[in-house]
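One structure is given below, encoded as structure tokens.
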Amino acid sequence: MSQALRHRGPDDEGFMVISDGREVHFGGSDTPEHVMRGGLAYTPRDRIEESWRSPAGGLMFGHRRLSIVDLSLRGHQPAMYGDRYWISYNGEVYNYIELREELKAAGYRFETESDTEVILAAYMAWGKACLSRFNGMWALAIYDAREQQVFLARDRFGVKPLYYRTEGSRFAFASEIKAFGALADWQARADETQLFDFLAWDIVDHNDHTMFDGVRQLPAGHHMTLDLREWSTPSLGRAPKVPVAERWYQIGPANLTSQEAVEALPRLLEDAVSLRLRADVPVGSCLSGGLDSSAIVCLMRKGLNKLDSKSLLKTFTAGSSDAAFDETRYARAVIERAGTEPHFVVPEPEALFDNLDKLVWHQDEPFGSTSIYAQWCVFESASQNDIVVMLDGQGADEIFGGYRGFFGAYLAGLVRAGRVGAWAREIAAMRKNIGFSPVRSVGYTASYLYPGLVSLLGKFDNRAYSDHGWLGPRAQSVLSRNPHEMVAGRTASVRELSIAQVLSTNLPRLLHWEDRNSMAFSLEARVPFLDYRVVECALAMDDAEKVGGGIAKRVLRESVRGLVPDVVIDRRDKMGFMTAEPTWVRDPKSAAVFRKALEEAVEQLPGVVTSGVIERFDAVVRGERKFDFRYWRTISAGKWAAAFKVKV
């Protein structure tokens with residue numbers, strides 16, 4: 001399992017085993033020699049052998065370290081505190097310096113400069129309640145030797161992943177699903193409901209199931225506790241009861257009025273970015289040229305200037321050879337303003353397919369478009385330029401109303417409140433600012449007032465879920481149920497839509513893709529917009545602050561005006577790290593490669609998709625049908641099934 005996750009932490013490796021009443025620590029092949037000679041209570045003396053097995057089962061922690069804070073041997077994990085607590089932990093608690101001072105004042109002692117030790121001391125001091133004091137991202141496992149319990153927890157918004165699997169009397173957990181492939185009883189089977197939801201409805205990570213049958217994820221903002229006494233002595237003939245995940249964080253607004261929230265936002269954004277500059281390794285940033293990443297880069301420059309830092313700020317941008325998909329002119333305006341060292345990559349379809357098997361393996365599950373490859377190229381470039389930590393703008397669209405659907409929710413909310421005059425004025429503003437026709441605005445209003453209309457409207461927009469002919473008979477049933485509606489994905493309120501996107505319909509999959517892409521190159525990606533104080537501040541604002549006047553993310557634009565170049569702030573189009581996929585599939589050379597991959601996917605997914613998907617793809621290539629992303633979803637699902645030998 002540890003070897004399967006080496007990319008997540010190539011700097012150090014550690015194992016803690018408690019079996020038959022004995023506690024043993026091991027190093028691995030990646031454990032540095034100076035750590036082996038460290039002589040601390042939790043550093044190993046011996047290296048584990050490949051064939052080593054515990055004869056009596058027991059508790060085993062394995063850890064891969066990516067060294068970011070306290071690069072010394074004292075940052076080794078699994079780590080121990082107070083002869084009672086052990087931890088294996090992935091992530092960062094950014095406010096660890098402030099928490100350490102608070103704990104010191106209460107009498108707790110520290111031997112390291114790491115946030116890991118602070119987490120354990122906080123758990124000793126406050127128990128499970130310590131989680132609410134942490135500002136950061138994490139997936140952690142803490143073993144309490146006195147209580148014989150393992151405590152598993154995940155951060156508020158699920159920036160860091162935590163999966164688990166039970167089989168008989170074994171409970172296994174890991175940061176990536178591929179680690180379970182090392183278990184002797186592993187067989188990869190598809191969870192068909194999740195797979196069909198992905199193919200037809202373009203939704204994934206919207207609940208605690210995964211596309212692998214029997215593998216669950218601990219939901220964001222939840223924890224669970226295993227009683228090891230129950231697992232070590234299961235009832236005769238019965239497997240131990242799987243613990244229930246309990247919610248520890250309930251997303252909600254800050255205790256602010258809308259006006260107070262608007263006024264507080266610039267300060268909170270600045271502090272969120274400053275906290276995420278804490279690292280003992282080089283820090284860089286993604287820069288698409290859009291508002292979100294541009295704001296992050298400019299705030300990083302401001303934070304570094306305040307620290308009087310001489311560090312060179314490196315930015316990484318994905319461009320395109322197709323001008324319609326290229327944002328580099330906006331990125332260059334930010335580069336000039338912030339004085340960064342720029343690095344550019346240009347993803348191309350040939351390189352995509354050269355890297356696709358590796359990309360699919362790292363992602364663990366199918367992904368929705370080739371934009372994931374653009375992000376892959378950005379992180380690869382950062383790694384090649386010695387960056388270890390990257391800041392990114394994920395989360396801003398979900399909390400500030402950055403997607404077109406927020407206009408539908410806003411219009412529906414005005415109608416529901418009886419504000420017909422305001423509704424009419426907003427339709428006029430949307431026509432002027434973003435080119436929405438009145439007919440389209442009325443359609444958006446109706447679909448958010450009456451979610452059942454979405455399938456009908458989808459027929460006019462060539463949506464995959466409104467077209468039955470390309471899915472096999474086993475997948476047809478998924479078309480009768482809208483998973484977006486099941487998780488409140490279409491609500492007549494900007495705030496409620498934000499919550500749905502953060503918890504279920506959008507952000508979880510974006511964080512999944514970002515985590516895997518960054519960790520594939522042993523990079524840590526940090527997302528300042530998901531500082532919980534920023535999220536709660538945004539949710540305290542009136543809907544009109546975010547999408548009023550036909551302008552998306554109004555409040556964010558004004559919060560960074562004067563810091564970010566106006567040419568970026570006043571943009572009305574939206575891209576992100578996109579590729580020119582709609583153009584690629586119509587180019588004769590690359591279209592042939594896409595088509596071949598599509599044919600292979602149909603063979604790989606019998607009964608799930610039919611040759612109808614190829615017929616529709618051919619019509620797109622000929623210009624007889626509008627492009628959509630079902631073709632890539634099919635290719636990705638086929639590659640996934642092949643890579644992991646998934647039984648469908």
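Note that these values count all heavy atoms, side chains included, but never hydrogens, waters or copies made by symmetry.
Among all heavy-atom pairs drawn from Trp513 and Gly368, the shortest one is CZ2-N, 3.6 Å. Nearest heavy-atom pair across Met541 and Leu265 is CE-CD2, 3.9 Å. Of all the heavy atoms in Thr445 and Trp423, the pair that sits closest is OG1-NE1, 3.1 Å. Of all the heavy atoms in Ala396 and Lys553, the pair that sits closest is O-CD, 4.1 Å. In terms of heavy atoms, Leu563 sits closest to Cys298 at O-SG, 3.6 Å. When every heavy atom of Leu269 is checked against every heavy atom of Phe529, the shortest pair comes out as CD2-CE2, 3.5 Å.
No side-chain donor from either of Asn95 and Arg278 sits under 3.5 Å from a side-chain acceptor of the other. Inspection of the Thr491 and Ser493 side chains reveals no N or O donor paired with an N or O acceptor under 3.5 Å. Using a 3.5 Å distance cut-off with no hydrogens or angles, the side chains of Thr315 and Ser285 do not pair a donor with an acceptor. Between the side chains of Asp364 and Tyr163, no donor N or O sits under 3.5 Å from an acceptor N or O. Using a 3.5 Å distance cut-off with no hydrogens or angles, the side chains of Thr370 and Glu581 do pair a donor with an acceptor. In summary, the side chains of Ser320 and Asp322 do not present any donor paired with an acceptor at a separation below 3.5 Å, with no hydrogens or angles considered.
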Begin with the C-alpha distance, continue with both residues' side-chain angles, and end with the deciding distance and a verdict on salt bridge (charged side-chain N to carboxylate O under 4.0 Å, His left out) for Asp515 and Arg8. CA-CA 10 Å; Asp515 173 81; Arg8 295 188 74 89; 2.9 Å; yes
Does Ser175 form a side-chain contact (heavy atoms from CB on, under 4.5 Å) with Lys160? I'd like the steps, not just the answer. CA-CA 8 Å; Ser175 291; Lys160 284 299 172 184; over 6 Å; no
How far apart are the C-alpha atoms of Ile399 and Val502, what are their side-chain angles, what is the distance that settles it, and do they pass the side-chain contact (heavy atoms from CB on, under 4.5 Å) test? CA-CA 8 Å; Ile399 64 174; Val502 166; 4.0 Å; yes
Step by step, would you call Asn207 with Gln194 a side chain to side chain donor-acceptor pair (under 3.5 Å)? CA-CA 9 Å; Asn207 53 38; Gln194 300 298 110; 3.2 Å; yes
Ring pair (Phe, Tyr, Trp, His ring centres under 6.0 Å) between Phe316 and Phe344, intermediate numbers included: CA-CA 6 Å; Phe316 300 85; Phe344 296 91; 9.7 Å; no
Test salt bridge (charged side-chain N to carboxylate O under 4.0 Å, His left out) applied to Glu558 and Arg561, step by step: CA-CA 5 Å; Glu558 296 310 313; Arg561 191 173 290 279; 3.1 Å; yes
Evaluation steps, salt bridge (charged side-chain N to carboxylate O under 4.0 Å, His left out), between Arg509 and Asp205: CA-CA 6 Å; Arg509 63 179 180 171; Asp205 283 310; over 6 Å; no
Using the rule given for salt bridge (charged side-chain N to carboxylate O under 4.0 Å, His left out), can you reason through Glu545 versus Arg554, listing the C-alpha separation, both sets of side-chain angles and the distance that settles it, and then say yes or no? CA-CA 6 Å; Glu545 296 289 356; Arg554 284 182 64 189; 5.9 Å; no
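Between Phe406 and Tyr403, the ring-plane angle classifies as parallel under the 30° and 60° cut-offs.
Residue Arg247 places its CZ atom among more than 12 non-hydrogen atoms of other residues, nucleotides or ligands, all under 6.0 Å distant. Counted within 6.0 Å of CD on Glu101, heavy atoms from surrounding residues, nucleotides or ligands total more than 12; the atom is thus considered enclosed. Within 6.0 Å of CZ in Arg337 there are more than 12 heavy atoms belonging to other residues, nucleotides or ligands.
The residues Arg276 and Asp531 are annotated as salt-bridged, a charged nitrogen and a carboxylate oxygen being separated by less than 4.0 angstrom. Under 4.0 Å is where a charged nitrogen must lie from a carboxylate oxygen, and between Arg431 and Glu426 no such pair does.
Between atom CG of residue Leu507 and atom CD of residue Glu398 there is a gap of 5.0 Å, rounded to the nearest 0.5 Å. Residue Asp208 holds its CG atom at 9.0 Å from CG of Leu218, rounded to the nearest 0.5 Å. The CG atom of Asn385 sits 11.0 Å away from atom CD of Glu380, with the distance rounded to the nearest 0.5 Å. To the nearest 0.5 Å, atom CE of residue Met430 and atom OG of residue Ser441 are 6.0 Å apart. Here Arg332 contributes atom CZ and Thr340 contributes atom OG1; the two are 10.5 Å apart, rounded to the nearest 0.5 Å. Between the OG atom of Ser381 and the CE atom of Met390 there is a distance of 8.0 Å, given to the nearest 0.5 Å.
Residues satisfying the side chain to side chain contact (heavy atoms under 4.5 Å, CB included) criterion with Ser636, sequence neighbours excluded, are Pro366, Phe367, Trp632. Residues passing the ring-ring contact (aromatic ring centres under 6.0 Å, His included) test with Phe521 are Trp376, sequence neighbours excluded. A search for side chain to side chain contact (heavy atoms under 4.5 Å, CB included) contacts involving Ala279 returns Ile68, Val281, Val283, Val389, Arg526, not counting sequence neighbours. Considering only residues two or more places apart in sequence or on other chains, Gln363 meets the side chain to side chain donor-acceptor pair (under 3.5 Å) condition with Asn517. In terms of the side chain to side chain contact (heavy atoms under 4.5 Å, CB included) criterion, residue partners of Glu341 (sequence neighbours excluded) are, by chain and number, Leu312, Lys314, His343. Qualifying side chain to side chain contact (heavy atoms under 4.5 Å, CB included) partners for Ser311, counting only residues two or more places apart in sequence or in other chains: Ser309.
For the pair Arg133 and Trp126, the cation-pi test (distance below 6.0 Å, angle within 45°) is passed. Taking the ring axis of Tyr249 as reference, the NZ or CZ atom of Arg156 stays within 45° of it and closer than 6.0 Å to the ring centre. Taking the ring axis of Phe436 as reference, the NZ or CZ atom of Arg440 stays within 45° of it and closer than 6.0 Å to the ring centre.
Of the candidates Met137, Arg154, Glu514, Val159 forms a side chain to side chain contact (heavy atoms under 4.5 Å, CB included) with just one, namely Met137. No option in Val297, Ile296, Val567 other than Val297 meets the side chain to side chain contact (heavy atoms under 4.5 Å, CB included) test with Val334.
A donor-acceptor pair is defined here as one N or O able to donate and one able to accept, closer than 3.5 Å; no such pair exists between the side chain of Lys432 and the backbone of Gly550. Distance alone, capped at 3.5 Å, is enough to place a donor-acceptor pair between the Tyr89 side chain and the Glu92 backbone. Listed for the Ser504 side chain is no donor-acceptor partner under 3.5 Å among the backbone atoms of Gln501. Under a 3.5 Å cut-off, the side chain of Thr328 and the backbone N or O of Gly319 do not form any donor-acceptor pair. Of the possible donor and acceptor atoms, one in the side chain of His222 sits under 3.5 Å from a partner among the backbone N and O of Ala220.
By the 4.5 Å heavy-atom criterion applied to side chains, Glu98 and Asn135 are not counted as neighbours.
Checked against a 6.0 Å centroid threshold, the rings of Tyr448 and Tyr450 do not count as neighbours.
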